[in-house]
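For reference, the structure is listed below as structure tokens.
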Amino acid sequence: MSPIIRIDKIADHVGQEVTLQGWLQLKTGKGKLQFLRVRDGSGVIQAVIFKGNVSEEMFEAAKRLPIESSLVISGTVRADERAPGIPGGFELDVNALEVVQESAEYPIGLKEHGVEFLMDHRHLWLRSNRQWAIMRVRATIVKAIRDWLDNNGFTLVDTPILTPSAAEGTTTLFKTDFHGEDAFLAQTGQLYNEVNIFSVGRTYCFGPTFRAEKSKTRRHLQEFWMVEPEIAFCKLEELLEIEEQFVSYIVQTTLHERAAELKLLERDTSFLERIVPPFPRISYDEAVEMINRAAAAGATVPPNDEPVPAMEWGGDFGAPHETYIAGQFDRPVFVHHYPTAVKAFYMEPEPGRPEVCRSADLLAPEGYGEIIGGSERMSDPDVLLAAIDRHGLPREAYEWYVDLRRYGSTPHSGFGLGVERTVAWICGLDHIRETIAFPRMLNRLRP
RNA sequence: UCCGCGAUAGCUCAAUCGGCAGAGCAAGCGGCUGUUAACCGCAAGGUUGGAGGUUCGAGUCCUCCUCGCGGAGCCA
């Protein structure tokens, strides 16, 4: 048998006889010709069977082969501009076909399907070109995240999923039973990261997090992946420099390594090519002014041309606010110094202006919303204890957390980046549910 | 939790004012040596989400329920 190769290496084998292992994605025929579009996980190629080149039985088998049948085919690789595929431009002139399994009638066709049908068939939907491309982009984004952090002095230290208490309130936690005691699925690893910086200086955790929010929007999942870096001896200004380098590396690496997949997704990559440091920075105060000027002028935001509502200083932004602000810039924008009252208890107040804190969110362009939330953390034990009291949190539960400020405390900062929102942004998707293989949403636990 | 929209063939949808349930695709059969979601022909495909009501007559109107979609709040 000729050597088995993967389709992404097809260009290296023009003129040679090779064997491919994969699945029949699409078939069309014209009399004595059968065109089989075959995918193998690395790409897609058109295989052409001419009746005169194979046995009568083999040609008939090919002619009646259902899509998604698994097969092994051998033939000669030929460059042909007409040939579709990933990469396109090559086809296999088939001389042998082995059907591994003839597929049952496949539920998913190439025509349109509704969301519910596709989600019910997620286990099959993932085979489609579009979902394949998204999973490949996601894998590259995850690798870029890890590579950048590993190459910039960060040490991965895993944080627990089962936790005894809430980090930031208790309304959105999934409760589980820990041998008779209430335990909760983690919604952040940050507090543990703050432990770990005192060991390794720069750390990150990377894993699934859980939010039992009753959120039903294109930006929310119940289970999502978050990378949370935390840095000792780092103040807010330095944190933002790290974040913009990090995000730019992720975008540029993905552009470079997954160009074919982004093209398949019809992503306009000119938006992504601009993503290089520095990112614009505006204060919360400035953002509120921008919003209210826009509201007074009757500005609207895409995609539905909603009017931008006015807002008072002190509130958090709604979705149209975020979309409007992000829309004023051609790259992600930092909004810093949010009101202390709307942010988590551990954020460092601005000296001389305690009503705002040393926090910054990063808003992605094109309406993708907040992809990073970060801040400088409180470093003084007494200030932290006062904040814990002010938020009505039990001191006992946070004793170990306050201890970190008693034994060699330093300024330190960190942030969390939501992987699925980042994937949705880079891929240009209109819903986050396609960014993870098996999304867990408000009304979706299976498959 | 709240607001809005929806559920008809395996899939995507149509059905006028309340008056015979209809297309495309898929699956089946036949044809074609360059198809790109091929095309042409034939044949087949229905408990209109569920329960009740109004009516001579309900896919269509009313009530309740179930499920889904979009959004709000909250967040990454």
Side-chain angles (χ1 to χ4, degrees), chain A residues 25-37 44-53 59 63-64 66-68 78 80-85 88 91 93 103-121 124-125 128-129 167-169 171-173 187-190 208-228 303-304 306 309 315-322 342-344 361-364 368-374 415-425 430-433 435-436 441-444:
Chain A
Q25 185 175 59
L26 177 70
K27 178 171 59 88
T28 179
K30 191 166 184 355
K32 295 177 180 155
L33 280 174
Q34 287 292 319
F35 300 95
L36 310 186
R37 203 175 297 174
V44 181
I45 193 168
Q46 174 165 278
V48 184
I49 307 181
F50 176 52
K51 194 168 187 175
N53 289 356
F59 187 79
K63 196 173 171 183
R64 51 198 330 108
I67 61 168
E68 286 307 318
R78 185 169 59 205
D80 189 322
E81 286 182 3
R82 294 171 296 183
E91 61 185 23
D93 200 2
S103 174
E105 185 182 339
Y106 194 63
I108 300 180
L110 290 162
K111 301 272 181 177
E112 291 171 32
H113 292 286
V115 171
E116 186 180 9
F117 178 83
L118 288 171
M119 290 307 301
D120 285 344
H121 294 84
L124 302 177
W125 187 22
S128 73
N129 278 349
E168 322 176 357
T171 56
T172 61
L173 292 169
Q187 58 176 356
T188 172
Q190 184 208 311
T209 54
F210 307 87
R211 305 267 169 104
E213 292 158 355
K214 303 286 188 197
S215 299
K216 223 174 83 173
T217 80
R218 67 185 66 200
R219 299 182 307 281
H220 287 87
L221 294 170
Q222 304 284 293
E223 175 183 313
F224 66 96
W225 283 64
M226 185 160 66
V227 59
E228 295 179 276
N304 300 322
E306 274 180 277
D316 213 341
F317 300 128
H321 298 137
E322 281 188 359
V342 301
K343 287 293 181 185
D361 289 350
L362 184 66
L363 306 183
Y368 285 96
E370 183 186 342
I371 54 171
I372 285 182
F415 65 94
L417 175 135
V419 170
E420 286 76 14
R421 285 187 183 178
T422 303
V423 174
W425 167 46
D430 62 11
H431 202 297
I432 201 169
R433 63 186 157 221
T435 62
I436 184 167
M441 299 182 294
L442 195 51
N443 295 314
R444 173 69 60 178

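The sequence lines fix the lettering, A, B, ..., with proteins before strands; numbering per chain opens at 1.
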What's [X] touching, base or sugar-phosphate or nothing? Going by heavy atoms closer than 4.0 Å.
X      : value
A:H121 : nothing
A:K216 : base
A:I372 : sugar-phosphate
A:N443 : sugar-phosphate
A:G318 : sugar-phosphate

Determine the Euclidean distance between corresponding [atom1] atoms of [M] and [N]; express it in Å to zero decimal places.
N      : M      : atom1 : value
B:rU55 : B:rC13 : P     : 35 Å
B:rC40 : B:rA26 : P     : 11 Å
B:rG46 : B:rA23 : C1'   : 14 Å
B:rG6  : B:rU60 : P     : 14 Å
B:rG4  : B:rC65 : P     : 15 Å
B:rC39 : B:rG24 : P     : 12 Å
B:rA43 : B:rC61 : P     : 35 Å
B:rA7  : B:rG28 : P     : 30 Å

- Query: Are OP1 or OP2 of B:rC67 and a side-chain N or O of A:R444 less than 4.0 angstrom apart?
  - Reply: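 No, outside the criterion.
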- Look at A:R37 and B:rU35 and indicate whether a side-chain polar atom (N or O) is within less than 4.0 Å of OP1 or OP2.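 Negative; the distance criterion is not met.
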- What would the secondary structure line of RNA chain B be in dot-bracket form, counting Watson-Crick and G-U wobble pairs under 3.5 Å, with [ ] for pairs that cross earlier ones and | for pairs with another strand? (((((((..((((.....[..))))..((((.......))))......(((((..]....))))))))))))....
In whole Å, what is the span from the [atom1] atom of [X] to the [atom2] atom of [N]?
X      : N      : atom1 : atom2 : answer
A:H220 : B:rG70 : NE2   : P     : 13 Å
A:E91  : B:rU35 : CD    : C1'   : 10 Å
A:K214 : B:rU1  : NZ    : P     : 7 Å
A:R64  : B:rA27 : CZ    : P     : 12 Å
A:M441 : B:rA76 : CE    : C1'   : 16 Å
A:Q222 : B:rA76 : CD    : P     : 14 Å
A:F210 : B:rC74 : CZ    : C1'   : 19 Å
A:D93  : B:rG34 : CG    : P     : 15 Å

Side-chain donor or acceptor of [X] paired with backbone N/O of [Y] under 3.5 Å:
X      : Y      : result
A:T209 : A:F224 : yes
A:R219 : A:I432 : no
A:R421 : A:E370 : yes

- Is the closest side-chain donor-acceptor distance between A:Q46 and A:E91 under 3.5 Å?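 Yes, a side-chain donor-acceptor pair sits under 3.5 Å.
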- Are A:Q25 and A:N129 close enough that a side-chain donor and a side-chain acceptor fall under 3.5 Å?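 Yes, a side-chain donor-acceptor pair sits under 3.5 Å.
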Please evaluate the base of [N] for a donor-acceptor partner in the side chain of [X] within a cut-off of under 3.5 Å?
X      : N      : result
A:R78  : B:rG34 : yes
A:R421 : B:rC75 : yes
A:Q46  : B:rU35 : yes
A:S215 : B:rC75 : no

Would you list the protein and nucleotides 7-14 of chain B atom pairs, both N or O, that sit under 3.5 Å from each other?
from   : atom 1 : to     : atom 2 : distance (Å)
B:rC11 : O2'    : A:E112 : O      : 3.3
B:rC11 : O2'    : A:H113 : ND1    : 2.5
B:rU12 : OP1    : A:G114 : N      : 2.8
B:rU12 : O4'    : A:E112 : O      : 3.4

Quick check for you: among [options], whose closest atom lies nearest to any side-chain atom of [X]?
X      : options                : answer
A:E213 : B:rU35, B:rC74, B:rA72 : B:rC74
A:R82  : B:rG34, B:rA37, B:rC75 : B:rG34
A:E116 : B:rC74, B:rG68, B:rG70 : B:rG68
A:L221 : B:rC69, B:rA76, B:rG34 : B:rA76
A:R211 : B:rG34, B:rC75, B:rA72 : B:rC75

- Do A:K216 and A:M441 come close enough that some side-chain heavy atom pair is under 4.5 Å?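 Answer no - side chains too far apart.
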- For A:S128, which residues count as a side-chain contact (heavy atoms from CB on, under 4.5 Å) partner, sequence neighbours excluded?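 Testing A:S128 for side-chain contact (heavy atoms from CB on, under 4.5 Å), a comparison that skips the adjacent residues, returns A:W125, A:R130, A:Q131.
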- Heavy-atom closest pair, residues A:P84 and A:R37: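 So the minimum-distance heavy-atom pair works out to CG-NH2, 3.7 Å.
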- Kindly compute the distance separating CG (A:D361) from CZ (A:F317), expressed to the nearest 0.5 Å.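 Reported value, rounded in 0.5 Å steps: 8.5 Å.
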- Message: As an exercise, state the distance from CD1 of A:I49 to CG of A:L36, rounded to the nearest 0.5 Å.
- Response: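 Rounded to the nearest 0.5 Å, the CD1-CG separation comes to 4.0 Å.
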- Given that A:L442 and A:V419 both sit by RNA chain B, which one's nearest nucleotide is further toward the 5' end?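 Mapping each residue to its closest nucleotide by heavy atoms, the 5'-most match is A:L442.
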- Message: Please compare A:L26 and A:G418 by the position of their nearest nucleotide in RNA chain B and report the one closer to 5'.
- Response: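 Looking at RNA chain B, the more 5' nearest nucleotide goes with A:L26.
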- Residues in salt bridge (charged side-chain N to carboxylate O under 4.0 Å, His left out) with A:K27, at least two apart?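 Salt bridge (charged side-chain N to carboxylate O under 4.0 Å, His left out) check on A:K27 returns nothing, list empty.
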- Query: For A:F224 and B:rA76, is the gap between ring centres under 5.5 Å while the planes differ by less than 30°?
  - Reply: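 Stacked: ring centres under 5.5 Å, planes under 30°.
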- Task: Just jot down the ring-ring contact (aromatic ring centres under 6.0 Å, His included) partners of A:H113, sequence neighbours excluded, or say none.
- Result: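 Residues passing ring-ring contact (aromatic ring centres under 6.0 Å, His included) with A:H113: A:F117.
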- Task: With sequence neighbours left out, write down each residue that passes side chain to side chain donor-acceptor pair (under 3.5 Å) with A:N53, or none if nothing qualifies.
- Result: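 With sequence neighbours excluded, A:N53 shows a side chain to side chain donor-acceptor pair (under 3.5 Å) to no residue whatsoever.
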